[in-house]
Each structure stands twice: as C-alpha cells, then as structure tokens.
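In listed order, ligands and their atoms are each counted from 1. Any value given below was found using the heavy atoms of this structure, including those in side chains, with hydrogens, waters and symmetry copies removed.
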Amino acid sequence: MTDTDTRIYKEKDLDRPSVQKDIKDTIQSGRNIIFPTETVYGIGAYALSEEGVWNIYRIKGRPSDNPLIMHIGDTDMLDDYVHVDQPYVKTLMETFWPGPLTLVMRRKDSVPDTITGGLDTVGVRLPSHPVALKVLSIADVPICAPSANISGEPSSTLFEHVYKDFNGLVDIIVDGGKSDVGIESTVLDVTQATPVILRPGVITRSMIESVTGHADMSSALEEDKVPQAPGMKYKHYAPSGELTIVDGEDDRVVKYINDKIKVHQASGKTVGVIATEDLVKTFDTPYVYNIGPRDDDAEIASNLYTALRHMDQLGITHIYSVAFRESKYQEAIMNRLLKAANNNLIKV
Ligand code: TXA
Ligand code: MG
C-alpha cells in the first residue's frame, strides 16, 4: 500500500531552510513524520491535529483506546497541557529530561481526547536525541509519537526498519541512524504521592527511587493482571515466527534449544536463536543472532528489536531466545521479550 511520495531527510538536511519549512508545514497541517528518538523511532503528528492523530492510528493499525505520548522540545510547553501535581515531579524532570522517561500527568482541557483515549491523564516526554529535539524545535508544537511500527510488531530502531514499514504511508521520514537505547521509555504515573512504573525502561526503578524515595511497579506488570497502561493489553513486539524464551543454566538452555533444532529441522523448519556473544557458537543452526556481550545490557537492549526483525527477514518459523537476567535493565528487556513471545517461557 502506497499513497504518498515519502520525502527522506538525513540529519544534516535539517539545517536547510527549505527542509525546515517542509517539516513545519507538514506537521502543522496535520500530516505525519517519522523521526528517530534515543529509544526507538516514532511516528509523529501535531498533538492538537485530530486528522494527524487519527492518521497515526490508521497507519499503524493501532487500537484508538491506546493513548499516545506527547513529545515536547521544551519544558515551557508543560503549563499549557498538564497539571504538575506532585512536588517530586520537577526533580524527576531535572534529573532525567531530556531522556527516556515518560511522565503521566493530569491533563488540561487543551489536550484532545483523540490522544488520551478519553483518560484524564496524558504521558509527556522530552526526548534527548538531537534529531528529535531538532524536529520538535522546527515544528514548534507538541508532537504525539508512538513507536513507528505496525501495531503488534517489533518496534523500530533503524532507518531501514521504518523505511520498510512506512515508505509511501507518511509524508516525511528522517534518517537518524540507530536509536541507541533500543527499547521504549519508562512510563511513570506521577499523579499520586508515590509514583507507579507502568512500563519499565532504562530509567530503572532504583534510578527513580533515588529521586522519589519510593516507586511502585504497576501490578499489571505481573502476569495475569488487568492492564493499567492501556497499551499493556495488546499483542506487542511480536515477530512472525513463533518465539520461545528458554530460561535456566547455560548448559541446559543450550541442550534444550539444540534438541528443538533437531526436531524442527527434521520437519523442514528453519530455526533461529537469539543469544549472547559467549553462547553463539554452541547452537546447531546457522541462524544465530549475536545480541551482544552477556554483561553489556545496554548493547542487548539496543539490539533486541533488530534481532526479532532479523529473524522475520530470514523467514524463520521457530525462534528461541535465551533469557536475559543478569543486568540492571533486565526488567525492561524481559518485559519486551516476554510480550514478543506472548509469555511463552520455558524453564529448564
Ligand atoms: O520511547 C518511547 O516512549 C517511544 C518514543 C517514540 O518516544 N514511544 C512509545 O510510544 O513507545 P507508544 O505509543 O508505543 O507507547 C506508549 C505507552 C503505551 O503503553 C501507552 O498505553 C502508555 O504509554 N500510555 C500513554 N499515555 C498513557 C496514559 N495517559 N496513562 C497510562 N499509560 C499511558
Ligand atoms: Mg509501541
């Protein structure tokens, strides 16, 4: 499906007045632009444009009761859109903005229902990626931007990912190379005296607690609970192949996966494995994705969606991933991986 001639810009193009005019006009007239952030690429629209926001839901195939994050380039904008109720919120902003932290605050009437799914709160984030900040500054308005992926599929951390999914469907794509963090922002509800983590990210619970003293994890982050962040209830990040996470001692994990490889290969299936560097040579399939050194959780996070997309590109039908349990980002990484696997985790 293509219905638009997508204009592709590189970071250096953003200094050209004609490109700046194009970006500003495109956003302000309710059209869509894909741009990199430090977490993942986002598909953006002017937050107050009903048309632009509906287009996001339409293009992504996203359920419209799943609210969008509003990106701002400057904290001066906050007062127009939200109530900052709790005293610790300002310190959180000073400590972690710009950066991968989304703060869910009580919204003002200026924030349209189209982006909040009818909730009386809105998530706001000031990203740190220079290209995102440049786009926000050129647009001079708040930009709603969910992750730029077809709803339910893995998010995008490379230009190639968004080009494949959205060329011909949006007006502009800005190529900013790799999104370094690789998984989406931490979503934190800051409407109450104790903040609640609705989605884990690389701004971890202990980092937040260093500012607020205490933070709760949403009970919805436990299995079998009713979702609180509306996005939690939908299928997420899933590759086309069937993904299984295998969790346990290394030698048992390797043996389990190699046994499965034998079984699947006997029936003509292709099997892929996602593993840390130290293990990649231990599997009996050519399709092993090296996600990074075991102790480099930042690297593992940054390669997670590429790994899942890589398996799809190869047409792999059965994907096995090791579990990642030894890092400070494990909460965030395992949250995404478990969703991608539809909670299909085998303990060995
Ligand atoms: O890193 C990110 O946050 C990326 C980049 C592009 O900024 N954006 C992103 O957006 O991940 P999205 O739409 O894919 O995820 C937003 C998450 C969803 O789980 C949504 O349900 C939750 O934030 N959310 C948004 N507004 C909320 C609100 N008012 N209350 C509770 N959850 C909210
Ligand atoms: Mg998303």
Engineer: Just jot down the ligand 1 atoms closer than 4.0 angstrom to any heavy atom of V187, in number order.
Structural biologist: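 Result: 23 (O).
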Engineer: With heavy atoms of S185 as the reference, note each atom of ligand 1 found under 4.0 Å away.
Structural biologist: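 Reading through ligand 1 atom by atom, the close ones are 1 (O), 2 (C), 3 (O).
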Engineer: Within the 4.0 Å heavy-atom shell around E184, which atoms of ligand 1 are there?
Structural biologist: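 Within the 4.0 Å cut-off of E184, ligand 1 contributes 1 (O), 2 (C), 11 (O).
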Engineer: Hey, does R7 have a side-chain heavy atom less than 4.5 Å from the side chain of D171?
Structural biologist: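 Result yes, sub-4.5 Å side-chain heavy-atom pair found.
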Engineer: Looking at the Mg ion (ligand 2), is there an N, O or S atom belonging to Y237 that lies under 2.8 Å away from it?
Structural biologist: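 False for Y237.
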Engineer: For ligand 1, does D189 get within less than 4.0 Å through its side chain, its backbone, both, or neither, judged by non-hydrogen atoms?
Structural biologist: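 None of D189 does.
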Engineer: Around atom NZ of K60, are there more than 12 heavy atoms of other residues, nucleotides or ligands at under 6.0 Å?
Structural biologist: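 Atom NZ in K60 is crowded, with more than 12 foreign heavy atoms closer than 6.0 Å.
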Engineer: Between Y289 and H310, what is the ring plane arrangement, given parallel below 30°, perpendicular above 60°, and tilted in between?
Structural biologist: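 Y289 vs H310 ring planes: tilted.
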Engineer: Would you say K60 has any N or O atom under 3.5 Å from an N or O of ligand 1, going by distance alone?
Structural biologist: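 Min N/O separation from ligand 1 is not below 3.5 Å for K60.
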Engineer: Below 4.0 Å, non-hydrogen atoms only: which portion of T116 touches ligand 1? Side chain, backbone, both or neither.
Structural biologist: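 The answer is neither.
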Engineer: Give the atom numbers and elements of ligand 1 that come within less than 4.0 Å of a heavy atom of N66.
Structural biologist: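 Those of ligand 1 that fall under 4.0 Å from N66 are 18 (C), 20 (C), 21 (O).
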Engineer: Answer side chain, backbone, both or neither: which part of P67 comes under 4.0 Å from ligand 1, heavy atoms only.
Structural biologist: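 Both the backbone and the side chain of P67 come within reach of ligand 1.
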Engineer: Measuring centre to centre across the rings, with the benzene-like ring taken for any Trp, is Y305 within less than 6.0 Å of Y237?
Structural biologist: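 Here the rings of Y237 and Y305 have centres that are less than 6.0 Å from each other.
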Engineer: Using a 4.0 Å cut-off to any heavy atom of A145, which atoms of ligand 1 qualify?
Structural biologist: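 Those qualifying, in numeric order: 6 (C), 8 (N), 10 (O).
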Engineer: Between H236, H71, H129, flag the one that comes closest to atom 7 (O) of ligand 1 by a heavy atom.
Structural biologist: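 That would be H71.
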Engineer: To which of V181, V40, T37 does the heavy atom nearest atom 4 (C) of ligand 1 belong?
Structural biologist: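 The option holding the nearest heavy atom is V40.
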Engineer: Which ligand 1 atoms are under 4.0 Å away from a heavy-atom of T39?
Structural biologist: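 So the atoms of ligand 1 that pass are 1 (O), 2 (C), 4 (C), 5 (C).
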Engineer: Specify side chain, backbone, both or neither for M70, according to which of its non-hydrogen atoms lie closer than 4.0 Å to ligand 1.
Structural biologist: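 The answer is neither; M70 stays 4.0 Å or more away.
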Engineer: Mark up the atoms of ligand 1 that fall under 4.0 Å of a heavy atom belonging to T121, in ascending order.
Structural biologist: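 Those qualifying, in numeric order: 28 (C), 29 (N), 30 (N).
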